[in-house]
2 protein chains.
Amino acid sequence: MSLKHAILVLLETEPGSGYDLLKHFNNSLGYFWNAKHQQIYLQLKKLRDEGLITCDLEKQKGKPDKKIYSITREGEKELAEWLRTPVAPNSVNDALLVKIYGGRMCSPEELIEELDRHAAIHQKTLDKLTAIEQSYLSLKPESREKYRLPYLTLRRGILGENAWLEWAKEARREITKS
Amino acid sequence: MSLKHAILVLLETEPGSGYDLLKHFNNSLGYFWNAKHQQIYLQLKKLRDEGLITCDLEKQKGKPDKKIYSITREGEKELAEWLRTPVAPNSVNDALLVKIYGGRMCSPEELIEELDRHAAIHQKTLDKLTAIEQSYLSLKPESREKYRLPYLTLRRGILGENAWLEWAKEARREITKS
DNA sequence: CTACTATATGCAACTTTTTGCATATATAAT
DNA sequence: ATTATATATGCAAAAAGTTGCATATAGTAG
């Protein structure tokens with residue numbers, strides 16, 4: 001669906017190899033769009049076949065050649081069009097909640113253990129996001145301009161993770177009671 | 001993945017037809033596990049093939065026969081085992097955030113329009129969840145016991161949607177500034 | 001000296017999910 | 001009368017995503 005557009009968004013900012021993209025992705029869109037590296041490489045191939053991006057080889061010594069992808073006019077057009085089209089609301093798949101919903105069949109201790117495990121992961125994500133926010137906020141106001149919109153998505157991550165952790169505290173209290 | 005387990009969780013609570021399940025699902029697990037009706041019917045078939053659920057026909061006049069599914073011993077075993085196994089953290093796919101991230105290429109007005117559209121959807125979800133919460137809270141404390149764990153997942157929904165709407169206000173202010 | 005991590009890709013097989021169609025009846029609203 | 005909605009299922013094809021493997025080098029940590 002829109003992994004395709006996520007890639008176009010990133011390549012519109014700057015060209016790069018699949019690997020570059022992957023790293024960039026994992027520090028930005030990856031926080032709210034799931035994708036494995038295979039998926040990204042596959043999409044890059046497809047996007048190239050569709051002519052939405054181009055690919056130039058960059059020779060490197062020792063390492064395999066880098067394929068540097070850039071967005072094309074076609075790609076920009078496609079992206080602009082997508083931006084004008086309404087998208088579906090976020091879709092969530094949260095196995096932990098399925099577990100808790102049906103948690104009667106297992107011990108409170110086991111639920112708490114799993115909840116804590118997830119809380120640790122969410123805390124880690126929050127820490128990363130907060131660190132990114134700090135580096136954004138330490139930029140000079142002129143430099144911030146460029147990142148204004150990405151910053152909004154960062155905020156979404158931060159508010160979301162905070163809410164998650166708040167909920168986890170509440171849930172923990174409730175489960176412990178039993 | 002765990003649509004399978006989501007179905008087992010619901011059938012463990014009470015047997016029912018695919019359609020019953022679907023409605024139940026849409027008012028509970030559906031808030032944090034995405035699935036279309038086709039997927040549910042398909043999974044029911046698979047679960048039956050695996051012997052985790054059974055199916056009895058219930059004749060109806062006028063309408064097609066209902067297939068009433070129930071969980072089997074095998075199914076309960078499978079479910080209990082799954083509950084003891086750690087699950088992956090929630091995965092999110094949020095196209096709106098991809099859009100905002102790359103929103104430089106479209107007008108603030110268009111972004112705001114889309115943001116508001118999504119906000120309306122989230123508000124609607126929040127309203128539904130709040131209504132469910134109200135009916136839960138109006139139960140006698142003895143009757144609540146049964147729904148304690150599902151209620152926690154409801155709380156997750158409420159806190160999550162509130163956070164979403166808070167963020168949307170913030171984002172709206174920021175985008176409007178430009 | 002060895003193991004691990006990072007760089008840098010990608011195929012093949014499989015599972016999961018989505019999209020679009022298809023059917024048939026009952027009831028409530030316009 | 002007609003239309004829409006709810007009931008009640010499901011197939012088939014396509015798209016998307018996951019899992020597991022495979023390759024090859026360079027640098028760093030133990």
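- Distance CG (B:D20) to P (D:dT7): 9 Å, rounded to an integer number of Å.
- Using a 4.0 Å cut-off between charged side-chain N and carboxylate O, B:E170 and A:R156 make no salt bridge.
- A sub-4.0 Å separation between OP1 or OP2 of D:dT7 and a side-chain N or O of B:K23 is present.
- Taking only side-chain nitrogens and oxygens, B:Q38 never comes nearer than 4.0 Å to OP1 or OP2 of C:dT17.
- Hydrophobic clustering places B:I7 together with B:Y19 (ILVMFWY residues linked when any side-chain heavy atoms are closer than 4.5 Å, directly or through intermediates).
- The ring-ring contact (aromatic ring centres under 6.0 Å, His included) pairs that include a residue from residues 91-114 of chain A number zero, where partners must be two or more places apart or lie in different chains.
- Within the structure, a side-chain polar atom (N or O) of B:Y19 is placed less than 4.0 Å from OP1 or OP2 of D:dT7.
- Across the protein-nucleic acid pair, A:Y41 atom OH and C:dT7 atom P stand 10 Å apart, rounded to whole Å.
- Atom CG in B:L44 sits roughly 13 Å away from atom C1' in D:dA8 (whole-Å rounding).
- For the pair A:N93 CG and D:dT18 P, the interatomic distance rounds to 10 Å; values are reported in whole Å.
- Side-chain proximity of B:H37 to the nucleotides D:dT18, C:dC11, D:dT9 is greatest for D:dT9.
- By the 4.0 Å N-to-carboxylate-O rule, A:E114 lies close enough to A:R117 to be salt-bridged with it.
- Comparing A:N34 and B:G18 along DNA chain D, the residue whose closest nucleotide (by nearest heavy atom) sits nearer the 5' end is B:G18.
- Judged as a ring-ring contact (aromatic ring centres under 6.0 Å, His included), the pairs with a partner in residues 132-178 of chain A (not counting sequence neighbours) are, in order, A:H122-A:W164, A:Y136-A:Y151, A:W164-A:W167.
- Rounded to an integer number of Å, the gap from CD1 of A:I40 to P of D:dG17 is 11 Å.
- Here the P atom of nucleotide C:dC14 and the CG atom of B:L42 are 18 Å apart, to the nearest Å.
- Between the P atom of C:dT15 and the CD atom of B:Q39 lies a distance of 15 Å, rounded to the nearest Å.
- Across C:dT18, D:dT9, C:dT17, the shortest atom-to-atom separation from the side chain of B:W33 is found for C:dT17.
- Among the nucleotides C:dT17, D:dA16, C:dT18, the one closest to the side chain of B:L3 is C:dT17.
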